K.L.:
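Structure provided below as C-alpha cells; questions to follow.
All values reported here derive from a predicted model rather than from experimental measurement.
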Amino acid sequence: MEGVFKMITAEAIDDLADRYLAAEADRIALEPLSVISPHLTVEEAYRVQMAIVARKVGAGERIAGRKVGATNEAIQRAMKIGEPIYGHLFSGQRISNGAEVSLSELIHPRVEGEIAFTLRRDLEGPGVTAADALDAVGTVAAAIEINDSRTRGWDVGMREVVADNGVAARFLLGEGRPADGLDLREVRVVMEKNGEEAARSSGAAILGDPALSLAWLANKIGEGNGGLRAGEVVLAGSMTPMAPVAVGDLVEASFEGLGSLSVRFR
C-alpha cells in the first residue's frame, strides 16, 4: 500500500486521502510523504485534505469549523513549517470540558492551548483585515486542541500537516463571551500536566494577534472562492508548544478572562 507515486494524478490524490483516513481509523501511522509521495506540492496537499473532507461529509460527518495551525514560532520549528496552514473541524471531534479521552482511539496525540472564535456572520476574503474579522465574531472562548499526526513518529513538514487535515483530532471549548473589551493579544494561559506547569503564553503568540489569524484564514480560503460561515468555530492557533500525553495524564489550561479547561487521558 505504501508504494511511491511518480506522478500526482487525481487518482493519486484520492489514494492519499484514503491512506490518511485508513491510518486514522486503524490507528496505524503512515510513512512521511517524502517516502510515499515525494513530488506532492503544498497545493496538492490541500487537494488531499479536501478529498478527506468530502469523504467525511459523505459519510455523514458535519463540518463544525476550521483550525489555523503553525501560527507561532515554536510550532513552526517543531513541525518544520514556515507559514500558517488550515484544516477542518468536525462536530464529532468536539468533546466536553472535563472529558476523558481514550488513547486507544488515537495514535500519538499532543495537546495545545488555543483561542477559539464562533462567527456570528459569514466572513469571506480577499481583503479581510483584523478589524473585519473581529466584527464577524460572535463569541471568543478558551480552547484545548488535541492534535494527532497520522504520520509515523510525527516526522512531518508542511505537506504532511496540510494533507492530514491539519492533524486535527479532538477539541474542547470553554464558555463563549463577547470579544468586546478583551485584548486578545494579552490573554494569558497557563497549561499544566498532572499539576505541573507545562507551558505559559499569551494571545500574542498567535501571529501577534489572534484576530490576524482569523483574517488570514478568511483571505486564504477566499483564494479558492470560499468563505467562513456564521456559526462556524475557528481555532485561531496554538498559544503554547504541543505537549505529548500518556495514559493517566490530566491536562488543565487556565485562560485569563476566559476560564479554565481540562481533559484526562486514559
K.L.:
Start with the C-alpha distance between Asp14 and Arg55, add both sets of side-chain angles, then the distance that settles salt bridge (charged side-chain N to carboxylate O under 4.0 Å, His left out), and finish with yes or no.
P.N.:
CA-CA 10 Å; Asp14 288 341; Arg55 284 159 170 73; 3.7 Å; yes
K.L.:
Charged N to carboxylate O under 4.0 angstrom, Glu197 versus Arg200?
P.N.:
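Salt bridge between Glu197 and Arg200, a charged N being under 4.0 Å from a carboxylate O: yes.
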K.L.:
Given side chain to side chain contact (heavy atoms under 4.5 Å, CB included), test Met158 with Ile85 step by step and report yes or no.
P.N.:
CA-CA 8 Å; Met158 187 169 184; Ile85 61 91; 3.6 Å; yes
K.L.:
Salt bridge check, Arg120 against Asp135: does any charged N sit closer than 4.0 Å to a carboxylate O?
P.N.:
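Result for this pair is yes, salt bridge flagged.
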K.L.:
Please answer whether the main-chain N or O of Val167 pairs with a side-chain N or O of Asn165 as donor and acceptor at a distance below 3.5 Å.
P.N.:
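A pair under 3.5 Å: no.
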K.L.:
What's the separation between atom CZ in Arg150 and atom CD1 in Ile107, rounded to the nearest 0.5 Å?
P.N.:
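So the CZ of Arg150 and the CD1 of Ile107 are separated by 6.5 Å.
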K.L.:
I want to check something: taking the side chain as every heavy atom from C-beta on, are Ser149 and Glu160 in contact at a cut-off of under 4.5 Å?
P.N.:
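With C-beta onward as the side chain, the pair stays apart.
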K.L.:
List the residues meeting ring pair (Phe, Tyr, Trp, His ring centres under 6.0 Å) with Trp216, not counting sequence neighbours, and say none if there are none.
P.N.:
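Ring pair (Phe, Tyr, Trp, His ring centres under 6.0 Å) list for Trp216, sorted by chain: empty.
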K.L.:
Please step through side chain to side chain contact (heavy atoms under 4.5 Å, CB included) for the pair Met239 and Ile115, ending with a clear verdict.
P.N.:
CA-CA 8 Å; Met239 301 166 71; Ile115 286 174; 3.7 Å; yes
K.L.:
Does the side chain of Thr41 come under 3.5 Å of the side chain of Glu44 through a donor N or O and an acceptor N or O?
P.N.:
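Yes, a side-chain donor-acceptor pair sits under 3.5 Å.
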K.L.:
Is any NZ, NE, NH1 or NH2 atom of the basic residue among Glu124 and Arg229 found under 4.0 Å from an Asp or Glu carboxylate oxygen of the other?
P.N.:
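Here Glu124 pairs with Arg229 in a salt bridge, since their nearest N and O are under 4.0 Å apart.
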K.L.:
Only one of Glu105, Glu145, Glu112, Glu100 forms a salt bridge (Lys or Arg N to Asp or Glu O under 4.0 Å) with Arg170, so which one is it?
P.N.:
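Passing option: Glu105.
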K.L.:
Counting only N and O atoms by type, is there a donor-acceptor contact under 3.5 Å from the side chain of Arg27 to the main-chain atoms of Ser104?
P.N.:
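It does hold such a pair.
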K.L.:
Ion pair present between Lys193 and Glu196, side-chain N to carboxylate O less than 4.0 angstrom?
P.N.:
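No salt bridge links Lys193 with Glu196.
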K.L.:
Taking all heavy atoms of Leu89 and all of Lys67, pick out the closest pair and write down the distance.
P.N.:
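Closest heavy-atom pair between Leu89 and Lys67: CD2-CB, 4.0 Å.
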K.L.:
Around Arg177, counting heavy atoms of other residues, nucleotides and ligands shown, do more than 12 lie under 6.0 Å from its CZ?
P.N.:
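More than 12 heavy atoms, drawn from other residues, nucleotides or ligands, come within 6.0 Å of this atom.
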K.L.:
Does Gly127 offer a backbone N or O that forms a donor-acceptor pair with the side chain of Asn219 under 3.5 Å?
P.N.:
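Yes: the side chain of Asn219 pairs with the backbone of Gly127.
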K.L.:
Have Ser260 and Ser254 got a donor and an acceptor in their side chains that come within less than 3.5 Å?
P.N.:
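The criterion, which ignores hydrogens and geometry beyond distance, is satisfied for Ser254 and Ser260.
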K.L.:
What distance separates Leu30 CG from Tyr20 OH, expressed to the nearest 0.5 Å?
P.N.:
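Here the rounded value is 6.0 Å.
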K.L.:
I would like to know whether Lys56 and Glu24 meet salt bridge (charged side-chain N to carboxylate O under 4.0 Å, His left out); could you show each step before the answer?
P.N.:
CA-CA 12 Å; Lys56 284 179 175 282; Glu24 181 180 14; 3.2 Å; yes
K.L.:
Counting only N and O atoms by type, is there a donor-acceptor contact under 3.5 Å from the side chain of Arg159 to the main-chain atoms of Leu40?
P.N.:
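Such a contact is found between Arg159 side chain and Leu40 backbone.
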